[in-house]
**Student:** 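Here it is, the structure in full.
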Amino acid sequence: MALRFYNTLTQELEGFYPLQNNTVRMYTCGPTVYNFVHIGNFRTFTFQDILRRWLRYRGYQLNHVMNVTDVDDKIIANAAKEHKSIGDYTAVFTKAFFEDAAALRLEQPEHVAPATKHIDVMANAIEQLAAKGCTYTSEGSTYFRISSFPEYGKLSHNDFSGIRSGARVDVDEYDKADARDFVLWKARKDSEPAWETPFGEGRPGWHIECSAMAMSYLGETLDIHAGGVDLIFPHHENEIAQSEAITGKPFARFWLHAEHLHIESQKMSKSLGNFYTLRDLLEMGYEPEAIRYLLASVPYRKKLNFTFESLKAVAKSIERLREFELRLASAKLPAGANEEISERSREAIRQFEEAMDDDLNTAEALAAIFEYVRAMNSGLDENRFQEENRWDAARVLEVFDCVFDVLKSSGSAEAEQAGSLSEAEIKAAIDERSQAKKARDFARADQIRGRLQEAGVLLEDTKDGVRWKRK
RNA sequence: GGCGCGGUAGCCAAGUGGUAAGGCAGAGGUCUGCAAAACCUUUAUUCGGCGGUUCGAUCCCGCCCCGCGCCUCCA
């Protein structure tokens, strides 16, 4: 079965292929930089990263645009509180976001698009909407008239035909003609940041940013648009309305939405205050790879229940894989190749690919890897491995890691520094201990082992000699 | 109320109309001078409840119970 994704628009699993050539044109909703983003947000960004990597594995080129919302109510309010310009204010959190993303090994999209750098594109989109009669102004602000777009609701599968103006309009929304209408352009208020446009001085509404930037970078119809489930309505629904009202063409062919990360059975969110930032977890001593693995290991359409127990468990899982890699590298093997091992390796890759092709079923893909590792550990135990088979196993791990990217330890560079023992020193100590063991001076041997352990170096006695690793 | 997601072993979590992947934890074992580490084996007669369809359902249908999300800013 070929690559397929669940499309929120059609509510079906659909075979995926890009519309133009071999390049996937993809747009994802990025962060609003008014604060540090939390790991719930990163669950979605990690999903997007896995998606990127798998598309590339499947031979596609990527043209991926991610927006950065750097002007909105919260940003304006927070910046004012700190007596900073919004630019100075958002620069801090934008930088933090990309640092965190790098720590989680999230690839950079081909284009990162800050909203404030694309005001002209948005203004142009609003003018096109106005020319089509889809807008109206009220108190200096410009609104999108939902009644001008009959298909409104097709993404969230809501029927809005019954909702008419006057049905129930919130007090502070008295200036809208229809309760569901949304603002395209907000009139300037007091000293708020504002931009000059033909339809007045002000700033963009949130939804227009994504429509305008997506189409300006990627054209009228995108292959994939992705984000968190909470964006389905109203954000993505509104994007569809604006974009399709302008072009008359489908805005995006595939809509992919990641479920939320939960904590204590509730959505992790800023407003509930039940969140951890990546920085929080790193300070507690968790490895970024473990966090990445945890975020990636639950298929993206399932709620992911975050617990520290899980985080500790996945750290062990990663160790198991790294242990296998290490064992493979240090094993003494006879020359030649065992075809049975080679075939089992190819089988593992097939299973992994099949799982990933199935709407990125990472849980099943992981199962394929762990089953393989168990089989290969047995193979090593039973001396069925030969020299050439190293490559077979290395290839399996390589395929795994080009998606999950957790095998190489970023190994808190500090810890390695703190360990302070050089490789040569460690090797010398190991030799000394081996001599002591040979002389049956176990007290001496244990003393050396203890000293190394204190320095953060763990010894493992194996059939093929002494192995060590930093802890 | 409308729309949507889910309830599988101690925890996390796949999956299929034909009798339950994987990870962690637990138990047993191998290795070892002893350890540690590692590795191996093992762990749900059962898949929220009740009916129905079927030769057969955890998987299909109906009803019910429970949890969660969106409907307002939100990954």
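Note on naming: letters A, B, ... go to the chains in the order of the sequence lines (proteins, then strands), and numbering restarts at 1 for each one.
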**Student:** Taking side-chain hydrogen bond (donor to acceptor under 3.5 Å, both in side chains) as the definition, give me every residue that meets it alongside A:Trp54, ordered by chain and number, with sequence neighbours left out.
**Tutor:** A:Asp357
**Student:** Is the gap between the ring centers of A:Phe36 and A:Phe93 under 6.0 Å?
**Tutor:** yes
**Student:** Base, sugar-phosphate alone, or nothing: which one does A:Pro299 contact when heavy atoms must sit under 4.0 Å apart?
**Tutor:**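 A:Pro299: backbone/sugar contact only, no base atoms under 4.0 Å.
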**Student:** Using a 4.0 Å heavy-atom cut-off across all strands, classify A:Ala363 as base, sugar-phosphate, or nothing.
**Tutor:** base
**Student:** Calculate the interatomic distance between A:Leu321 atom CG and B:C39 atom C1'; express it in whole Å.
**Tutor:** 14 Å
**Student:** Reading RNA chain B from 5' onward, which residue's closest nucleotide shows up sooner: A:Gln48 or A:Asn305?
**Tutor:**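 Comparing both residues, the 5'-ward one is A:Asn305.
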**Student:** Dot-bracket for RNA chain B, please. Rules: Watson-Crick or G-U, both distances under 3.5 Å, ( ) within the strand, [ ] when a pair crosses earlier ones, | for another strand, . otherwise.
**Tutor:** (((((((..(((.....[...))).(((((.......))))).....(((((..]....))))))))))))....
**Student:** For a quick check of understanding: with a heavy-atom distance under 4.0 Å over all strands, which category does A:Phe442 fall into, base, sugar-phosphate or nothing?
**Tutor:**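 Contact class for A:Phe442: base.
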**Student:** Given B:A14, B:C34, B:G22, identify the nucleotide with an atom nearest to the side chain of A:Asn361.
**Tutor:** B:A14
**Student:** To the nearest angstrom, how far is A:Leu366 atom CG from B:G22 atom P?
**Tutor:**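 To the nearest whole Å, that distance equals 13 Å.
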**Student:** Separation of A:Phe182 atom CZ from B:C71 atom P, in whole Å?
**Tutor:**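 Going from A:Phe182 (CZ) to B:C71 (P), I get 15 Å.
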**Student:** Kindly assign one of parallel, tilted or perpendicular to the pair A:Phe233 and A:Tyr152, based on the angle between their ring planes and the thresholds 30° and 60°.
**Tutor:** perpendicular
**Student:** What contact category does A:Asp230 fall into here, base, sugar-phosphate, or nothing, at under 4.0 angstrom with non-hydrogen atoms?
**Tutor:**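 Base contact.
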**Student:** Within the 4.0 Å heavy-atom criterion, would you say A:Asn377 contacts the bases, only the backbone, or no part of the nucleic acid?
**Tutor:** sugar-phosphate
**Student:** Between A:His262 (NE2) and B:A13 (P), how many Å, whole number?
**Tutor:** 11 Å
**Student:** Identify whether any heavy atom of A:Ser269 sits under 4.0 Å from a base atom; if not, whether one sits that close to sugar-phosphate; answer base, sugar-phosphate or nothing.
**Tutor:**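 No contact.
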**Student:** For a quick check of understanding: with a heavy-atom distance under 4.0 Å over all strands, which category does A:Lys316 fall into, base, sugar-phosphate or nothing?
**Tutor:** sugar-phosphate
**Student:** Give one of base, sugar-phosphate or nothing for A:Lys74, where a contact means two heavy atoms less than 4.0 Å apart.
**Tutor:**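 Result for A:Lys74 = base.
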